Amino acid sequence: MALRIENNYPLKAHNSFGMDVLADRFVEYSAEDELREALSLASGWNAPLLHIGAGCNLLFCGDYHGTVLHSAIKSFDVLERNDDSVLVRAGSGIDWDEFVQKCIGEGFFGLENLSGIPGEVGSSAVQNIGAYGVEVCERIERVEVLDVESGQKRVFAADECAYGYRDSIFKRPDHKHYIVLAVCYRLSTVFEPVLTYAPLSLMNPESLTANDIRNEVLSLRNSKLPDPAVLGNAGSFFMNPVVAVSKARSLASEYPDMPQYPATDGFVKLSAAWMIDRCGWKGRSMGQAGVYERQPLVLVNLGGASGEEVLALAHAVIDSVYEKFGVYLRPEVNAIHS
Ligand code: EPU
């Protein structure tokens with residue numbers, strides 16, 4: 001495959017908010033050597049670089065005056081087979097849900113709770129995607145990256161990736177020069193359902209298959225989350241805030257029905273959806289940007305919204321949650337200005 005280079009390229013199909021913006025250049029590579037070639041060309045263009053996955057966590061606030069890079073590396077290899085597990089190496093450009101489906105089909109288990117998450121394999125390792133009782137870092141063994149600064153390939157073991165809730169070392173500004181080439185997942189060949197998330201705990205573990213979990217998760221997601229093909233959105237716009245135990249206790253005494261979840265020592269995770277809901281935002285809109293009526297963590301493009309309009313709504317939500325609960329919501333979505 002050859003490197004794909006497009007000028008004045010529409011990004012509408014590359015961002016799940018459906019923002020109708022242009023990139024000065026769009027470059028898509030299908031192999032490591034093509035990425036090196038792209039980077040060497042880009043160094044001559046003297047313009048900013050933005051690496052995207054499926055664009056499910058981005059909010060474009062205007063045309064992008066620079067080069068947008070995208071991986072189309074789609075290799076899938078089984079590197080090791082043991083009695084009860086396999087090590088699968090997946091290219092960063094594989095669609096996440098196609099990957100989950102393929103793994104289940106091959107009899108490789110552990111990712112079924114993460115069915116239906118929009119995005120690609122590369123971003124799964126950057127965002128540490130998580131849902132329905134599973135975080136992908138539990139299954140990641142190593143991440144292969146290209147260091148844009150040195151031109152060298154480097155392998156990060158999972159314990160070097162500083163994984164946390166929706167967090168990894170690859171999100172830090174001083175690690176932005178790493179581009180994920182492939183991710184190695186340790187998957188089980190013996191199916192063990194994870195049913196810790198409340199709605200899944202109602203399933204009968206007897207004779208349950210990975211496809212049963214997948215179907216249940218897909219139907220839960222469909223019932224709560226808008227389809228980006230119909231209503232532009234980037235999933236949860238905000239992260240669930242993690243606060244000190246003392247703050248959580250004082251909130252619990254004022255709001256006894258407030259959901260609280262265990263986090264790392266000394267901290268408690270709160271529900272952003274619950275707080276936004278209690279501030280009365282569900283189903284409200286500002287201009288063409290709205291708070292989704294069935295899941296207030298999700299901001300939606302009601303049709304032709306600008307990035308700035310979505311950001312104005314996000315700031316209004318953040319302000320009102322802070323005023324009522326004294327808790328600062330942090331966006332999970334990255335706003336791109338250029
Ligand atoms: N809630 C309300 N009102 C609502 C919806 C929810 O009060 O309209 C409260 C309920 O009390 C509920 C609580 O919020 O128990 C939590 O809701 P839910 O279980 O749906 O999970 P979440 O915190 O809203 C997180 C992830 C989702 C993931 C689900 C399921 C984040 C930021 N979001 O949402 O991830 O699918 O858990 O595990 O952690 C995404 O990242 O795009 C995403 C959708």
Side-chain angles (χ1 to χ4, degrees), residues 15-17 53-59 96-97 100 111-120 123-138 163-168 171 194-202 213-214 216-228 231-243 248 251-252 255-263 267-284 290-300 310 314 317-318 320-321 324-325 327-334:
N15 74 100
S16 59
F17 257 117
C56 301
N57 237 350
L58 294 179
L59 177 65
W96 175 257
D97 193 52
V100 171
L111 301 175
E112 47 283 350
N113 294 50
L114 302 177
S115 292
I117 296 184
E120 293 171 355
S123 29
S124 77
V126 174
Q127 303 289 345
N128 187 20
I129 55 172
Y132 305 108
V134 172
E135 277 189 340
V136 78
C137 66
E138 297 160 33
Y163 281 123
Y165 167 62
R166 294 288 199 275
D167 199 21
S168 79
K171 289 177 90 169
V194 177
L195 302 175
T196 47
Y197 184 78
L200 296 182
S201 68
L202 303 173
I213 303 249
R214 173 173 169 78
E216 186 63 19
V217 164
L218 291 176
S219 101
L220 277 170
R221 291 186 70 89
N222 285 339
S223 68
K224 286 187 179 181
L225 301 170
D227 177 357
L231 205 53
N233 75 90
S236 304
F237 195 93
F238 306 100
M239 291 194 258
N240 282 326
V242 175
V243 300
L251 284 168
Y255 305 99
D257 57 338
M258 172 184 252
Q260 302 199 346
Y261 312 99
F267 293 91
V268 172
K269 196 198 276 180
L270 306 178
S271 164
W274 187 90
M275 289 188 282
I276 300 170
D277 196 352
R278 292 312 174 277
C279 289
W281 277 103
K282 233 164 144 174
R284 279 175 61 191
V291 177
Y292 189 52
E293 60 209 354
R294 276 183 270 158
Q295 171 48 287
L297 260 185
V298 179
L299 302 188
V300 292
V310 176
V317 169
I318 289 170
S320 72
V321 167
K324 187 168 172 68
F325 299 103
V327 173
Y328 184 71
L329 293 185
R330 281 202 303 137
E332 188 179 3
V333 170
N334 294 314

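In each ligand, atom 1 is the first atom listed, and ligand 1 is the first ligand listed. The structure displayed is predicted, hence computed values, not measured ones.
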Asks: Looking at W281 and V291, what are the two nearest heavy atoms and their distance?
Replies: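 What the structure gives for the nearest pair is O-CB, 3.3 Å.
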Asks: For atom 9 (C) of ligand 1, what is the closest protein heavy atom, and at what distance to 0.1 Å?
Replies: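 Here the nearest protein heavy atom works out to S271 OG, 3.7 Å.
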Asks: With atoms numbered from 1 as shown, which atoms in ligand 1 lie under 4.0 angstrom from a non-hydrogen atom of K224?
Replies: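 Those qualifying, in numeric order: 18 (P), 19 (O), 20 (O).
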Asks: Looking at D277, which atoms of ligand 1 are within less than 4.0 Å of one of its heavy atoms?
Replies: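 Listed by number with element, the hits are 2 (C), 3 (N), 4 (C), 7 (O), 8 (O).
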Asks: Where do P296 and A273 come nearest, in terms of heavy atoms and distance?
Replies: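 Heavy atoms only, the tightest pair is CG-O, 3.5 Å.
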Asks: So how far is it from S168 OG to Q127 CD, rounded to the nearest 0.5 Å?
Replies: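 Here the interatomic distance stands at 7.5 Å.
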Asks: Quick one: does K171's side chain have a donor or acceptor within less than 3.5 Å of a partner on R166's backbone?
Replies: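 Here the side-chain-to-backbone pair exists.
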Asks: Where the closest heavy atom to atom 8 (O) of ligand 1 is concerned, which of Q127, K282, Q295, E293 has it?
Replies: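 It is K282 whose heavy atom sits nearest to atom 8 (O) of ligand 1.
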Asks: Of all the non-hydrogen atoms in the protein, which one sits nearest to atom 41 (O) of ligand 1, and at what distance?
Replies: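 For this ligand atom, the closest protein heavy atom is R166 NH2, 2.6 Å.
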Asks: Should you measure from each heavy atom of R278, which atoms of ligand 1 turn up under 4.0 Å away?
Replies: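 Under 4.0 Å from R278, ligand 1 has these atoms: 7 (O).
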Asks: Show the atoms of ligand 1 that are less than 4.0 angstrom away from any heavy atom in E332.
Replies: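 Listed by number with element, the hits are 32 (C), 41 (O).
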Asks: How far is atom 39 (O) of ligand 1 from its nearest protein heavy atom, and which residue and atom name does that atom have?
Replies: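 For atom 39 (O) of ligand 1, the nearest protein heavy atom is Y165 OH, 2.7 Å.
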Asks: Taking only non-hydrogen atoms of Y292, do any sit less than 4.0 angstrom from ligand 1?
Replies: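 The answer is no, since Y292 has no heavy atom less than 4.0 Å from ligand 1.
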Asks: Strictly distance-based, threshold 3.5 Å: is any side-chain N or O of N240 a donor or acceptor partner for the main-chain N or O of A272?
Replies: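 Yes; judged by distance alone, with no hydrogens or angles, the pair exists.
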Asks: In the complex you have, is atom 32 (C) of ligand 1 within reach of the protein, judged by whether a heavy-atom distance drops under 4.0 Å?
Replies: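 Answer yes: something from the protein, a heavy atom, is under 4.0 Å.
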Asks: Using side-chain heavy atoms (C-beta onward) and a distance below 4.5 Å, is L200 in contact with E216?
Replies: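 Yes, side chains in contact.
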Asks: Please state which protein non-hydrogen atom is closest to atom 6 (C) of ligand 1 and give its distance, to 0.1 Å?
Replies: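 Ranked first by proximity to atom 6 (C) of ligand 1 is A273 CB, 3.6 Å.
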Asks: So, do V136 and I117 sit near enough that their side-chain heavy atoms are less than 4.5 Å apart?
Replies: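 Result no, sub-4.5 Å side-chain heavy-atom pair not found.
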Asks: Just to confirm, does any protein heavy atom lie below 4.0 Å from atom 13 (C) of ligand 1?
Replies: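 Yes; the ligand atom in question has protein heavy-atom contact below 4.0 Å.
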Asks: At under 4.0 Å between heavy atoms, which part of S236 makes contact with ligand 1: side chain, backbone, both or neither?
Replies: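 Contact part for S236 vs ligand 1: both backbone and side chain.
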Asks: Hey, could you give me the CG/OH distance between L270 and Y261, rounded to the nearest 0.5 Å?
Replies: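 It is 9.5 Å, given to the nearest 0.5 Å.
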Asks: For atom 10 (C) of ligand 1, what is the closest protein heavy atom, and at what distance to 0.1 Å?
Replies: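 Of every protein heavy atom, P259 CG, 4.5 Å lies nearest to atom 10 (C) of ligand 1.
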Asks: Test your reading of the model: is there a side-chain donor-acceptor pair from N128 to the backbone of Y163, 3.5 Å cut-off?
Replies: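 No; judged by distance alone, with no hydrogens or angles, the pair does not exist.
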Asks: Taking heavy atoms and a distance under 4.0 Å, where does F237 meet ligand 1: side chain, backbone, both or neither?
Replies: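 For F237, there is no contact with ligand 1 at all, from either part.
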Asks: Could you list the atoms of ligand 1 found under 4.0 angstrom from a heavy atom of Y261?
Replies: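 Under 4.0 Å from Y261, ligand 1 has these atoms: 13 (C), 15 (O), 16 (C).
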Asks: List ligand 1 atoms under 4.0 Å from G235, heavy atoms only on the residue side.
Replies: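 What qualifies from ligand 1 is 42 (O).
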Asks: With heavy atoms under 4.0 Å as the rule, classify the contact between A131 and ligand 1 as side chain, backbone, both or neither.
Replies: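 Both parts.
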Asks: Identify the closest protein heavy atom to atom 38 (O) of ligand 1: which residue and atom is it, and at what distance?
Replies: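 Going by distance alone, atom 38 (O) of ligand 1 is nearest to Y132 N, 2.8 Å.
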Asks: Starting from atom 4 (C) of ligand 1, find the nearest protein heavy-atom neighbour and note its residue, name and distance.
Replies: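 Residue, atom and distance for the closest contact: P296 CD, 3.5 Å.
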Asks: Just need the protein heavy atom nearest to atom 25 (C) of ligand 1, so name the residue and atom and give the distance.
Replies: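 The closest heavy atom on the protein side is N240 ND2, 4.2 Å.
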Asks: Give a yes or no answer on whether the side chain of Q260 reaches the backbone of A248 with a donor-acceptor pair at less than 3.5 Å.
Replies: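 Checking the backbone N and O of A248 against the side chain of Q260, a donor-acceptor pair under 3.5 Å is found.
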Asks: Using 0.5 Å steps for rounding, measure from the CG atom of N113 to the OG atom of S115.
Replies: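 OG of S115 is found 7.5 Å from CG of N113.
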Asks: Quick one, I276 and F238 - any side-chain contact, counting heavy atoms below 4.5 Å?
Replies: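 In short, these two side chains touch, coming nearer than 4.5 Å.
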Asks: Mind checking whether F325 and W274 have parallel, tilted or perpendicular rings, split at 30° and 60°?
Replies: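 If you compare the ring of F325 with that of W274, the planes turn out tilted.
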Asks: Residue-level breakdown please: for F238 versus ligand 1, do any non-hydrogen atoms fall below 4.0 Å on the side chain, on the backbone, on both, or on neither?
Replies: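 It is the backbone that touches ligand 1; the side chain stays farther off.
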Asks: Determine, stepwise, if the pair W96 / L114 fulfils side-chain contact (heavy atoms from CB on, under 4.5 Å).
Replies: CA-CA 9 Å; W96 175 257; L114 302 177; 3.9 Å; yes
Asks: Where on L225 is there a heavy atom closer than 4.0 Å to ligand 1, on the side chain, on the backbone, on both, or on neither?
Replies: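 The side chain, only.
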